[in-house]
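If you read the sequence from its start, that first residue is 1, and numbering goes on from there.
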Amino acid sequence: QVQLVESGGGLVQPGGSLRLSCAASGSIWSINTMGWYRQAPGKQRELVAAIASGSATDYADSVKGRFTISRDNAKNTVYLQMNSLKPEDTAVYYCALDQLVNTFRRKTPDYWGQGTQVTVSS
C-alpha cells in the first residue's frame with residue numbers, strides 16, 4: 001500500500017510561480033514512476049508531467065519550457081516547479097505513483113494523492 005501527500009498549491013498571479021511537492025510512503029518499489037495530473041473545471045484529467053526513478057521525464061506540450069519535474073528517490077518525493085503560470089493552468093493537481101513502470105502512458109497510475117488546488121488569476 002502507498003500513500004501520497006501533496007502540498008504547495010495556492011493562488012498566484014499570471015506569470016508567477018509555484019512549487020508542488022508530493023511525498024510517497026509505504027511499500028514502494030525502487031523502480032517506479034511519479035508525476036502530476038490536473039483537472040480543470042469542465043475538462044478531462046490530463047497528464048502534466050511524469051518522472052521515472054531512472055530520471056526519464058515526460059511533459060504535456062502545454063507546459064514544456066515552463067514546468068520542471070524532479071524527484072528525490074531517497075525520499076520518494078516528487079516536485080513540480082511551475083513558472084510563467086497562466087490562467088489556463090488553473091486546476092486541481094493530483095500527484096500519482098505507479099509501481100514497476102517508467103511511464104504513465106500505458107496505464108492509469110494505481111496510487112493518487114488527494115489533490116491540491118492551483119489558481120492562476122489577477
Side-chain angles (χ1 to χ4, degrees):
Q1 187 63 265
V2 174
Q3 299 79 43
L4 302 174
V5 179
E6 301 155 319
S7 62
L11 174 65
V12 65
Q13 292 185 326
S17 298
L18 285 173
R19 188 167 92 141
L20 306 182
S21 299
C22 173
S25 61
S27 300
I28 303 166
W29 292 95
S30 58
I31 299 172
N32 63 73
T33 297
M34 299 183 70
W36 299 88
Y37 288 74
R38 68 186 181 188
Q39 187 163 23
K43 300 178 71 174
Q44 292 186 350
R45 182 181 61 185
E46 65 173 345
L47 176 65
V48 178
I51 183 167
S53 50
S55 77
T57 58
D58 186 13
Y59 294 94
D61 288 343
S62 60
V63 308
K64 286 180 180 176
R66 300 188 297 120
F67 292 10
T68 302
I69 191 166
S70 62
R71 63 184 292 163
D72 183 335
N73 288 341
K75 296 181 178 180
N76 287 318
T77 298
V78 65
Y79 307 93
L80 186 67
Q81 179 66 47
M82 304 186 293
N83 298 326
S84 301
L85 282 161
K86 304 175 180 180
E88 308 92 87
D89 297 317
T90 295
V92 177
Y93 284 69
Y94 296 92
C95 181
L97 182 150
D98 213 2
Q99 308 269 33
L100 299 171
V101 301
N102 62 6
T103 179
F104 284 161
R105 299 288 187 176
R106 292 188 175 184
K107 63 183 288 287
T108 301
D110 287 332
Y111 300 99
W112 295 86
Q114 77 284 357
T116 185
Q117 177 70 47
V118 172
T119 302
V120 184
S121 176
S122 298

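With Glu6 contributing its side chain and Cys95 its backbone, the two residues share a donor-acceptor pair below 3.5 Å. The closest donor-acceptor contact from the side chain of Ser84 to the backbone of Gly15 lies at 3.5 Å or more, if one exists at all. At distances below 3.5 Å, not a single donor-acceptor pair connects side-chain atoms of Ser121 with backbone N or O atoms of Thr119.
Members clustered with Leu100: Trp29, Ile31, by chain and number, using a 4.5 Å side-chain heavy-atom cutoff among hydrophobic residues.
Partners of Ser70 under the side-chain hydrogen bond (donor to acceptor under 3.5 Å, both in side chains) rule, at least two apart in sequence or in another chain, do not exist in this structure. Residues meeting the side-chain hydrogen bond (donor to acceptor under 3.5 Å, both in side chains) test with Asp98, sequence neighbours left out: Lys107. Residues that satisfy the side chain to side chain contact (heavy atoms under 4.5 Å, CB included) test with Ala96, not counting sequence neighbours, are Tyr37, Phe104, Pro109, Trp112. Under the side-chain hydrogen bond (donor to acceptor under 3.5 Å, both in side chains) criterion, Glu88 pairs with no residue at all, not counting sequence neighbours. Under the side chain to side chain contact (heavy atoms under 4.5 Å, CB included) criterion, Ser55 pairs with no residue, sequence neighbours left out. Evaluation of the side chain to side chain contact (heavy atoms under 4.5 Å, CB included) rule for Val120 yields Val12, Pro14, Leu85, Pro87, Asp89, Thr90, Val118 as partners, not counting sequence neighbours. Considering only residues two or more places apart in sequence or on other chains, Arg105 meets the side chain to side chain contact (heavy atoms under 4.5 Å, CB included) condition with Leu47, Asp58, Thr103. In terms of the salt bridge (charged side-chain N to carboxylate O under 4.0 Å, His left out) criterion, residue partners of Glu46 (sequence neighbours excluded) are, by chain and number, Arg38. Looking at residues two or more places apart in sequence or on another chain, you find no side-chain hydrogen bond (donor to acceptor under 3.5 Å, both in side chains) involving Lys43.
Interatomic distance, Asn76 CG to Leu97 CG, rounded to the nearest 0.5 Å: 7.5 Å. One distance of note links CE of Met82 with OH of Tyr93; it measures 5.5 Å at 0.5 Å rounding. The NZ atom of Lys86 sits 8.0 Å away from the OG atom of Ser62 when rounded to the nearest 0.5 Å. Between atom CG of residue Leu80 and atom CE of residue Met34 there is a gap of 12.0 Å, rounded to the nearest 0.5 Å.
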Indicate every side-chain donor-acceptor pair of residues 16-28 with a distance under 3.5 Å to a residue at least two apart or in another chain.
residue, atom, partner, partner atom, Å
Ser17, OG, Asn83, OD1, 2.8
Ser25, OG, Gln3, OE1, 3.4

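Under the 4.5 Å side-chain criterion, counting only non-hydrogen atoms from C-beta, Val78 is in contact with Ile51. Put simply, the side chain of Gln114 does not reach to within 4.5 Å of the side chain of Leu4, judged on heavy atoms.
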Next item on the list: Could you walk me through whether Thr108 and Arg45 pass side-chain contact (heavy atoms from CB on, under 4.5 Å), step by step?
Entry: CA-CA 11 Å; Thr108 301; Arg45 182 181 61 185; 3.8 Å; yes

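A ring pair (Phe, Tyr, Trp, His ring centres under 6.0 Å) check over residues 46-88, counting only residues at least two apart or in different chains, returns nothing.
Residues Trp36 and Tyr94 fall into different hydrophobic clusters, defined by Ile, Leu, Val, Met, Phe, Trp and Tyr side chains chained together at heavy-atom separations under 4.5 Å.
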